[in-house]
Number of protein chains: 2
Amino acid sequence: MAKAQKSTRETIVASAAKLFYAQGIRAVSVDAVAEAAGVTKRTLYYHFESKDELIAAYLEGRDQPNLLLFRKWFEAADGDLAEKAEAIFVNLARAARHPKWKGCGFLRTSAELANMPGHPAIRIGAAHKKTFEAWLAQVFAEAGINDAGELARQMLLLLDGSFAVVLLHRDASYMESAGKAAAMLVRAAMSAR
Amino acid sequence: MAKAQKSTRETIVASAAKLFYAQGIRAVSVDAVAEAAGVTKRTLYYHFESKDELIAAYLEGRDQPNLLLFRKWFEAADGDLAEKAEAIFVNLARAARHPKWKGCGFLRTSAELANMPGHPAIRIGAAHKKTFEAWLAQVFAEAGINDAGELARQMLLLLDGSFAVVLLHRDASYMESAGKAAAMLVRAAMSAR
DNA sequence: GTCTATAAGCCGATAGAC
DNA sequence: GTCTATCGGCTTATAGAC
């Protein structure tokens with residue numbers, strides 16, 4: 001019952017996540033994160049060696065929650081494999097219509113840090129997407145689809161494409177188009193099985 | 001024969017484009033752009049009211065060249081409609097393997113400026129993608145495809161998805177997967193025509 | 001572990017001369 | 001139209017007290 005009080009470190013990461021996602025990595029200063037967390041900058045630098053480490057901690061903290069959400073949407077959906085796959089996009093479209101939605105934090109960070117390919121935050125983002133892709137591939141393979149890996153890649157491309165396009169146009173209906181395309185590709189793979 | 005010498009303004013935009021694309025908008029200072037262009041900051045601010053205006057000019061200058069490249073790739077490809085569509089992805093994969101490739105400047109800028117939805121640079125990026133989508137829709141419609149608009153949207157999603165995913169993983173083979181998915185969707189639309 | 005205070009430098013933008 | 005010089009503020013990160 002009694003939930004452990006958040007540690008200072010967790011408070012800082014939570015504030016960083018909120019600000020980095022809302023405004024972007026380079027647009028948010030360490031000062032702003034410290035102030036939002038209610039600690040001084042000195043305390044923040046006691047817990048994190050650098051801003052880069054804080055960025056990495058922000059994305060690290062989003063990895064599992066995001067993956068679980070996608071799985072939940074998939075598993076909760078009725079219908080065949082194509083409909084369950086499409087459900088991810090439909091749910092995402094609903095989320096994207098919220099005014100605070102600003103795309104995918106992993107992709108936006110990798111876009112912002114494109115000139116630092118080895119940055120820890122980019123590694124974490126890449127690992128996150130690989131985990132999602134591997135989960136999809138497993139689901140498709142268990143359904144008896146032949147080239148499950150390729151289908152998983154294509155669905156990932158549609159998903160990340162919809163993140164990018166919806167962010168640019170602020171039109172969540174692109175996510176529904178992506179879902180329809182995904183469903184069509186799944187059906188084609190099912191019938192070729 | 002005699003090619004007009006580049007105006008100061010053009011020189012500045014060219015330097016800005018190089019630096020903004022290579023390093024990101026917020027990572028590049030106005031000082032750096034001025035120095036790369038070989039002018040003082042005062043001169044830069046004579047030609048541009050603000051950094052935001054300079055960012056907009058950078059993307060404005062990329063609009064037509066990028067669109068023309070995609071059209072060229074499409075038109076130069078042999079084969080049916082599906083193969084011509086796939087050719088865009090194959091050519092893009094080749095470009096993406098160049099070490100200086102850093103994704104799509106329009107999408108990266110929109111990711112970086114996600115907290116400023118009305119920013120002129122985002123408007124220019126959105127218009128650019130809409131023009132591309134409209135061209136695709138026209139090509140598909142002329143081929144007699146029923147829901148040409150929806151197919152164009154799906155292909156745009158695959159294209160922009162491949163920009164994002166290839167930038168994150170530094171693995172251009174995702175573009176070839178996107179191309180295969182696009183070809184499959186085009187073929188499905190062709191046979192349902 | 002958390003504080004106050006500050007270093008050392010870079011940021012976007014501007015003043016005024018020519 | 002381009003220059004030199006500089007503004008005030010913000011940046012990441014650190015020193016040293018408690």
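Each chain gets a letter, A, B and so on, in the order the sequences are listed, and its residues count up from 1.
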Peer 1: Using whole Å, what does the distance between atom P of nucleotide D:dT11 and atom CD of A:Gln23 come to?
Peer 2: 11 Å
Peer 1: Just list the side-chain donor-acceptor pairs under 3.5 Å for residues 55-68 of chain B, sequence neighbours left out, or say none.
Peer 2:
{"from": "B:Arg62", "atom 1": "NH2", "to": "B:Asn66", "atom 2": "OD1", "distance (Å)": "3.0"}
{"from": "B:Asp63", "atom 1": "OD1", "to": "B:His128", "atom 2": "ND1", "distance (Å)": "2.7"}

Peer 1: In whole angstrom, what separates A:Leu44's CG from D:dA15's C1'?
Peer 2: 17 Å
Peer 1: What residues, two or more places apart in sequence or in another chain, satisfy side chain to side chain donor-acceptor pair (under 3.5 Å) together with B:Arg153?
Peer 2: A:Ser173, A:Ser177
Peer 1: Do B:Tyr45 and B:Glu53 pair up side chain to side chain, a donor and an acceptor below 3.5 Å, judged on atom types alone?
Peer 2: no
Peer 1: Tell me every residue that passes side chain to side chain contact (heavy atoms under 4.5 Å, CB included) with B:Ala32, counting only those two or more places apart in sequence or in another chain.
Peer 2: B:Leu19, B:Val28, B:Ser29
Peer 1: Taking only side-chain N and O atoms of A:Thr8, does any of them lie within less than 4.0 angstrom of OP1 or OP2 on C:dT2?
Peer 2: yes
Peer 1: Which of residues 108-124 of chain A sit near DNA chain C, with a heavy atom under 4.0 Å from it?
Peer 2: none
Peer 1: Output all residues satisfying ring pair (Phe, Tyr, Trp, His ring centres under 6.0 Å) with B:His47, sequence neighbours left out; order by chain, then residue number.
Peer 2: none
Peer 1: Residues two or more places apart in sequence or in another chain: which of them pass side chain to side chain donor-acceptor pair (under 3.5 Å) with B:His169?
Peer 2: none
Peer 1: Summarise how protein sits on nucleotides 8-18 of chain C as a single string, 5' to 3': B when a protein heavy atom is under 4.0 Å from the base, S for sugar-phosphate-only contact, - for no contact.
Peer 2: ---SBBBBB--
Peer 1: Under the side chain to side chain contact (heavy atoms under 4.5 Å, CB included) test, which residues partner A:Ser7, sequence neighbours left out?
Peer 2: A:Arg9, A:Glu10
Peer 1: Can you tell me the distance, in whole Å, between the CZ atom of A:Arg9 and the C1' atom of C:dT2?
Peer 2: 17 Å
Peer 1: Round to the nearest Å and state the distance from B:Tyr46 atom OH to D:dG1 atom P.
Peer 2: 5 Å
Peer 1: Rounding to an integer number of Å, can you tell me how far A:Glu35 CD sits from C:dT2 C1'?
Peer 2: 17 Å
Peer 1: Of all residues at least two apart in sequence or in a different chain, which pass the side chain to side chain donor-acceptor pair (under 3.5 Å) check with B:Lys102?
Peer 2: none
